[in-house]
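What follows is one structure encoded as structure tokens, with my remarks underneath.
So you know, we letter chains A, B, ... as the sequences are listed, proteins then strands, and number each from 1. All of these numbers come straight from a predicted model, not from anything done at the bench. All values below were derived from every heavy atom in this structure, side-chain atoms included, with hydrogens, water molecules and symmetry-related copies excluded.
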Number of protein chains: 2
Amino acid sequence: MNVMPPSGPTAQVRDRLLDLIKSGDLGSDGKLPTERALSERFGVGRRFVRQALDALEAEGLVWRKQGKGTFAGQPLDPMGDLAAKITGETNALEVMEARLCIEPELAALCAQRMQPDEVARLRMLAQRQWEAEDAQAIELWDGSLHRLIAQCARNRPLLTAFSLLDKIRSNPDWVAIRAKGRDMASLQVTHNEHLALIDAIAAGHAHAARTAMRDHLETRFNALRGELETAAAEQGETFFAATSKT
Amino acid sequence: MNVMPPSGPTAQVRDRLLDLIKSGDLGSDGKLPTERALSERFGVGRRFVRQALDALEAEGLVWRKQGKGTFAGQPLDPMGDLAAKITGETNALEVMEARLCIEPELAALCAQRMQPDEVARLRMLAQRQWEAEDAQAIELWDGSLHRLIAQCARNRPLLTAFSLLDKIRSNPDWVAIRAKGRDMASLQVTHNEHLALIDAIAAGHAHAARTAMRDHLETRFNALRGELETAAAEQGETFFAATSKT
DNA sequence: ATTCTGTACCAATACAGGATTGGTTTGCCT
DNA sequence: AGGCAAACCAATCCTGTATTGGTACAGAAT
């Protein structure tokens, strides 16, 4: 999908859409107003809205599906019923452990297989996350960044394994726990770690990318552990600590 | 679910249900008539029908879901659907790459979480594989060994990711390619590698187990690469080389 | 004649309300 | 007290309509 950079009214619509995306007024699923609503709101034809959305979709900032709508970020991979089945049989620590196994390798492969425009897309997603104004937007852009890295690794089974974890983690109660573990200081750390990761990927250094992702996940793991211990102290063990049975 | 063997009317209902299941009159999804319909049809109370179905469910001959119905057989495995979908979108090299990511970590976790009787089971499986007399038996015992390691790692998401790879690899054409890459010398190497791996696990050395598994998989990867190059030279690229698209 | 724009149409998906189905409880009869 | 039918509840399905992105068509403007 090679889309010309927008000019004229389309460029203005694109910028206003970007403002809307940044504004934090979207729902937790990042759903944007419909094309028809946006065309009324901006006082332009629907075709201009579509062209602006074409551009944003090419930049990886929105995704669209006929009959469903237009959403900020990157979509979760369809998992069928599998993730729902597993969610009740695992816990946050196991998922984190699995992430530490899989995502550094995805980052390394991404560094090896990255295509030229994809680095810019990663940087833009990291910037969206840094500029995010509420917990929902942080979650949406952080998730989108990790998803794009996984896609750019170009290994379908590993992408699927990642997506399984992604889906499990999308459970609202799990999302809430993560949100509690974030403050300005941790967001700064995350942003720095994201940038270091993207720099390693951009330079094509697989080993550095692997290490950067591992460091980043370990930081998040420690924050999660802190939250889980706080939650456990407050109310005894909850579903986060479901025993894994094999 | 411990269900007493049925007696009296329940036993008769059970037998009639079994006849119905065997009759081939069910739809393609194996859906049985509703409990209410069966109770009318057999001229008994619904409770008898439920008891008979309880028994058949305990025997694995039917499955039930509230709001959906009662079905002959066992529910479809969500992983089967997903693996079938992924199989057409990946290739043997990607799967091998994914194994190199996931299985060393499973071996390390297994070394940390292994329970006392499990080492003996691993050794027995390795011995079975060494003694196997044909390609099918080799595949069976080798697979069982790797599966047990994955289970003993006690991480549900990683086990699921492993199982997905296992499922993809169970495709018969893929099995055949692997069989062609084996001879007495390679089986000896494999056996030695299995033993080294199990020794590391038994000793609880996570790092050594990780390295042993990685070494073993790299050996298999090289053999697979050899077979794929041979196959490619013989008939041009086949489905093993499906391009991964992201 | 070509390009632009609004409108119409199509394909994919969602949604709401009612129906259906398994799971459980209640109340009546023996 | 035990057994059974009826009632109730929770989960899922079904249907018709609405919605949404994707595309085509027709008319207006240049």
Could you tell me whether the side chain of A:Arg36 has a donor or acceptor atom within less than 3.5 Å of a complementary atom in the base of D:dG21?
-> yes
Indicate yes or no: does A:Glu89 engage B:Arg156 in a salt bridge with an N to O separation below 4.0 Å.
-> yes
Just how far, in rounded Å, is P of C:dG22 from NZ of B:Lys68?
-> 12 Å
For B:Glu57 and C:dT21, what is the distance between atoms CD and C1' respectively, to the nearest whole Å?
-> 14 Å
NZ/NE/NH1/NH2 to OD/OE distance under 4.0 Å, A:Glu57 and A:Arg14 = no
Rounded to whole Å, CZ of A:Phe71 lies from P of D:dT20 at a distance of 10 Å
Roughly how many Å is it from CG in A:Asp29 to P in C:dT13, rounded to a whole number?
-> 16 Å
5′-ward residue of the pair B:Gly67/B:Gly45 relative to DNA chain D | B:Gly45
d(CZ, A:Arg64; P, C:dT13) in whole Å = 15 Å
Which nucleotide sits closest to the side chain of B:Arg46: C:dT21, D:dT20, C:dT24?
-> C:dT24
May I ask you to verify if any side-chain N or O of B:Arg50 is less than 4.0 angstrom from the OP1 or OP2 atom of C:dG23?
-> yes
Selected nucleotide, minimal atom distance to B:Phe48 side chain, candidates D:dC4, C:dG23, D:dG22 | D:dC4
Nearest-Å distance for atom pair CD/P, residues B:Glu35 and C:dG23 = 6 Å
Taking only N and O in the side chain of A:Thr70, is any of them less than 4.0 Å away from OP1 or OP2 of D:dG21?
-> yes
Test for a donor-acceptor pair under 3.5 Å between the base of C:dG6 and the side chain of A:Arg47, counting only N and O atoms.
-> yes
Which whole-number value in Å describes the distance from B:Gln66 CD to C:dT24 P?
-> 8 Å
Minimum heavy-atom separation for B:Asn91 to B:Trp174, with atom names?
-> C-CH2, 3.5 Å
B:Gln51 CD to C:dG23 C1', straight-line distance once rounded to whole Å | 14 Å
May I ask you to check if A:Arg225 and A:Phe221 form a cation-pi contact, with NZ or CZ under 6.0 angstrom from the six-membered ring centre and within 45° of the axis?
-> yes
Checking side-chain contact (heavy atoms from CB on, under 4.5 Å) for the pair B:Arg99/B:His146: CA distance, chi angles, key distance, verdict?
-> CA-CA 11 Å; B:Arg99 288 184 77 197; B:His146 285 256; 3.6 Å; yes
